Every structure is written in structure tokens, then in C-alpha cells.
**Q** 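I'd like to ask some things about the structure below.
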Number of protein chains: 2
Amino acid sequence: MDRQTKQRRIETYRRRCREGGLPLTEQRMAVLEAMLDLDDHPTADRVHDVVARRDSRVSRATVYRALESLARIGVITKACHPGKAVRYDSRTETHHHLVCLRCDAIIDVTDDRLDALPVPDTSSYGFVVSDLRVQLRGVCRRCRELEETS
Amino acid sequence: MDRQTKQRRIETYRRRCREGGLPLTEQRMAVLEAMLDLDDHPTADRVHDVVARRDSRVSRATVYRALESLARIGVITKACHPGKAVRYDSRTETHHHLVCLRCDAIIDVTDDRLDALPVPDTSSYGFVVSDLRVQLRGVCRRCRELEETS
DNA sequence: TTAAGTGCAAAAGCTTTGCGGGTAG
DNA sequence: CTACCCGCAAAGCTTTTGCACTTAA
């Protein structure tokens with residue numbers, strides 16, 4: 001992510017915190033920065049690795065709590081995936097994912113036709129939809145190559 | 001799921017096992033039956049609860065292993081979701097999900113327009129898509145009602 | 001000042017694995 | 001017979017929590 005975009009995202013975060021009356025701490029800022037630097041839908045643990053490399057005093061619990069609160073105020077999102085550890089996504093606008101069913105990799109993909117998809121009426125379920133996302137499930141390049149050589 | 005459909009699914013399973021050279025054990029059969037009876041995308045632990053209620057000798061490890069092998073041969077699938085425990089889906093044909101971002105509930109939804117969506121070309125990613133699924137993320141009826149009363 | 005966040009360590013929840021024994025084919 | 005599966009228990013990984021202390025506003 002380029003420097004300017006990153007700066008803008010951080011400003012958004014500051015503003016949301018002021019609005020919500022949340023103290024803006026160094027640790028949460030570090031977690032947000034790590035998320036913006038990582039563009040591969042990391043687990044909480046991987047975010048902790050990155051944060052701890054820059055400041056080894058930040059605890060794992062703080063990273064878990066920070067990611068949860070960032071997601072709650074909508075500065076980051078949780079990604080849908082078939083695996084066992086929660087995956088966070090620094091992008092909040094609508095976009096779509098390639099999901100590898102072998103290695104659980106998540107790859108961003110944009111497609112005008114997918115973006116133009118109308119949200120179906122789900123009122124009969126009593127369900128209020130906030131966002132529509134398409135998942136293209138399959139096998140990524142690396143996993144296919146690994147299978148070929150075996 | 002009606003009796004006839006269930007019987008058909010079990011036959012499919014027997015056939016796939018014969019084809020793949022996998023022994024067909026009582027325990028795996030019990031896990032498959034539990035999945036077919038549960039229609040709410042359960043976690044492995046919930047499947048174990050159901051299986052154990054019918055035969056308390058079936059261990060948790062066996063249920064985890066059985067679900068994994070059923071998914072590997074394609075008799076069930078893993079569902080994409082934002083939570084922390086793996087969720088299994090007894091449906092294997094393409095369908096779509098409402099995903100509650102509050103309680104992680106997953107609700108099946110079918111929509112002709114969504115089903116008709118063409119799979120975008122992902123060859124530039126080296127990614128081979130096996131299936132396209134739409135997730136409508138939002139808040140389910142129960143969670144909205146809970147929020148209103150609080 | 002004070003409400004909220006933090007670090008630590010322990011607990012809790014989810015999943016895998018090693019191993020001796022069992023079973024389908 | 002033989003490869004694969006099972007139950008058990010232990011280990012491993014992921015996430016949450018209680019508590020005393022710190023900090024942003």
C-alpha cells in the first residue's frame with residue numbers, strides 16, 4: 001500500500017476513535033500499521049509477529065484485542081474463509097476473493113461484473129445485508145505446482 | 001432433509017469410498033448421517049455431540065478425521081465464514097450464504113440470478129476456480145432483535 | 001481524574017497426532 | 001493378510017480472560 005493511502009487510512013482511524021470516544025494508543029496504531037503493510041489477509045498471530053518485530057513489548061493479547069476493536073469500528077474487516085484461524089482484511093470496501101481450498105490462501109480480485117451484482121432481497125429471512133462478496137474457490141498456482149511435482 | 005435424499009447421499013458416499021479404496025466404517029457413516037440431519041453448517045464439535053448422543057463410544061478425534069476425509073472426497077464441503085472454528089456444509093452443489101457478522105450464523109440462500117453468474121477469468125492469477133459462491137454478509141433477525149431490546 | 005487499554009499468565013476452546021489395538025475389504 | 005481406521009490421551013495451536021498496573025484525554 002502506498003504511503004499516501006496509508007496515511008489517509010490512519011487519519012480515518014484517528015477520526016473514528018475521536019468520534020467513538022476511544023483512546024488512541026500506540027499499540028493499536030502499531031496493529032493498524034501492520035495490517036496496512038500486510039496485504040495478505042493475515043491471522044492475528046501473524047499480525048503479532050510483525051508488530052512484535054517492531055516493538056517486542058506488545059503482547060499477543062493486545063493484538064487480538066486491537067484487531068477485534070478495529071473490526072468493530074469498521075476500520076478493518078474479517079475475511080470469510082474455510083480454515084480454523086480468524087483472518088483479517090485491511091480492505092473495507094467491497095471486493096472479492098480467490099480462496100485456495102488446499103492452503104487457505106486468500107487473494108483479492110476485482111471484477112466489474114461481480115461488483116455490479118444486485119443484492120437479492122433477503123427480507124423474508126429477516127436478514128439485513130450490509131455487503132455482498134463473491135468467493136471463487138479453487139486451487140492456487142503454488143498448490144497446483146506442488147501437486148504436479150508429486 | 002427427507003429420507004429419500006438422505007438415502008441417495010449415503011449411496012453416493014458408499015460408491016465414492018469403493019472407488020477411492022477407502023474402507024467404509026460405522027463411525028464415518030454415523031458422521032455423515034449426523035451431517036445430513038443437521039442443516040445448519042455445524043462445527044466439528046457440534047457434529048460430535050450429535051454422533052455421541054447416538055453412540056457414546058465415538059471419539060472426538062474420529063469425528064474430526066471423518067469430517068476431513070468426507071470433505072476431501074467431496075461428499076461434504078467446508079463453509080467459508082469469518083469465525084474461528086471450521087464449519088462444515090452437507091450441501092456440495094453451488095449455493096449461497098447469508099453470513100451473520102454478529103453470531104456467525106450461516107443461512108442457505110438460493111437465487112437464480114446469483115446462480116447464473118459467470119465465473120470470471122482468473123488464469124492470470126494461475127488460479128483454477130472450481131466453484132463460485134456469494135456471501136451476503138450482514139445481521140440476522142435474532143441478532144437484530146437482541147440489539148433492539150438492549 | 002477516570003474510563004479504557006495493556007501485559008502477563010493462566011485458562012479455555014479448537015484441532016492434530018502418536019500409538020497400541022481393531023476392522024473392512 | 002494388510003492397509004487403513006479407531007479410541008485415548010497428550011500435545012499443539014488459537015483465542016479469551018482476570019487482575020494489577022498504565023495511559024490517553
Side-chain angles (χ1 to χ4, degrees), chain A residues 10 13-34 41-52 54-73 75-76 78-79 81-88 102-104, chain B residues 10 13-32 34 41-73 75-76 78-79 81-88 102-104:
Chain A
I10 288 175
Y13 171 50
R14 287 187 200 277
R15 182 162 39 76
R16 294 259 181 102
C17 282
R18 276 197 301 274
E19 287 167 3
L22 296 173
L24 199 155
T25 66
E26 257 182 65
Q27 290 91 335
R28 272 201 295 227
M29 187 60 84
V31 169
L32 177 59
E33 282 202 54
H41 318 86
T43 63
D45 212 51
R46 247 180 63 65
V47 174
H48 175 254
D49 284 349
V50 172
V51 171
R54 296 176 189 172
D55 178 353
S56 62
R57 292 164 310 175
V58 179
S59 76
R60 200 181 304 286
T62 294
V63 173
Y64 275 87
R65 284 185 284 228
L67 288 167
E68 208 51 43
S69 64
L70 289 171
R72 195 174 52 247
I73 66 175
V75 176
I76 61 173
K78 292 186 185 188
H81 65 99
K84 66 182 175 182
V86 176
R87 303 284 289 270
Y88 292 92
R102 294 272 190 285
C103 69
D104 289 351
Chain B
I10 289 175
Y13 172 50
R14 287 186 200 278
R15 182 163 38 77
R16 295 261 180 99
C17 282
R18 275 195 302 273
E19 286 166 5
L22 296 173
L24 198 156
T25 66
E26 256 183 67
Q27 289 91 336
R28 272 201 295 228
M29 186 61 84
V31 169
L32 177 60
H41 319 85
T43 63
D45 214 50
R46 251 182 59 66
V47 175
H48 176 252
D49 284 349
V50 171
V51 171
R53 202 172 303 137
R54 297 178 188 170
D55 178 353
S56 62
R57 292 163 310 174
V58 178
S59 77
R60 191 174 260 93
T62 294
V63 172
Y64 275 86
R65 283 186 284 228
L67 287 167
E68 208 50 43
S69 64
L70 289 171
R72 194 174 53 246
I73 66 174
V75 176
I76 62 175
K78 292 186 186 189
H81 64 99
K84 65 184 173 180
V86 176
R87 304 282 290 269
Y88 292 92
R102 295 273 190 286
C103 69
D104 290 351

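All values reported here derive from a predicted model rather than from experimental measurement. Sequence lines set the chain letters: A, B, ... in the order given, protein chains first and strands last, and positions in each chain run from 1.
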**Q** Using atom CZ of Arg46(B) as one end and atom P of dC14(C) as the other, report the distance to the nearest whole Å.
**A** 12 Å
**Q** Walk along nucleotides 15-25 of chain C from 5' to 3' and tag each nucleotide B, S or - by protein heavy-atom contact under 4.0 Å, base first, then sugar-phosphate.
**A** BBBB-----SS
**Q** Could you check how far CG of Leu32(B) sits from P of dC5(D), rounded to whole Å?
**A** 15 Å
**Q** Below 4.5 Å, heavy atoms only, C-beta onward: do Thr62(A) and Thr25(A) meet side chain to side chain?
**A** no
**Q** Report yes if a side-chain nitrogen or oxygen of Gln27(A) is closer than 4.0 Å to either non-bridging phosphate oxygen (OP1 or OP2) of dT23(D); otherwise report no.
**A** no
**Q** Starting at CZ of Arg28(A) and ending at P of dG7(C), how long is that distance when rounded to a whole Å?
**A** 12 Å
**Q** Let me confirm one number: the NE2-CZ distance from His48(A) to Arg60(A), rounded to the nearest 0.5 Å.
**A** 5.0 Å
**Q** Below 4.5 Å, heavy atoms only, C-beta onward: do Asp104(A) and Lys84(A) meet side chain to side chain?
**A** no
**Q** Rounded to whole angstrom units, what separation is found between the NE2 atom of His81(A) and the P atom of dT14(D)?
**A** 12 Å
**Q** To the nearest 0.5 angstrom, please state how far the CD atom of Glu19(A) sits from the CZ atom of Arg15(A).
**A** 5.5 Å
**Q** If you find the nucleotide of DNA chain C closest to Gly21(A) and the one closest to Arg57(A), which residue's nucleotide is nearer the 5' end?
**A** Gly21(A)
**Q** Just by distance, with hydrogens left out, do Glu68(B) and Tyr88(B) show a side-chain donor and acceptor under 3.5 Å apart?
**A** yes
**Q** Calculate the interatomic distance between His48(A) atom NE2 and dG7(C) atom C1'; express it in whole Å.
**A** 10 Å
**Q** What residues form a side-chain hydrogen bond (donor to acceptor under 3.5 Å, both in side chains) with His41(B), not counting sequence neighbours?
**A** His97(B), Asp108(B)
**Q** Take atom CG of Leu67(B) and atom C1' of dC5(D), then tell me their distance rounded to the nearest Å.
**A** 15 Å
**Q** Roughly how many Å is it from CZ in Arg72(B) to P in dC5(D), rounded to a whole number?
**A** 8 Å
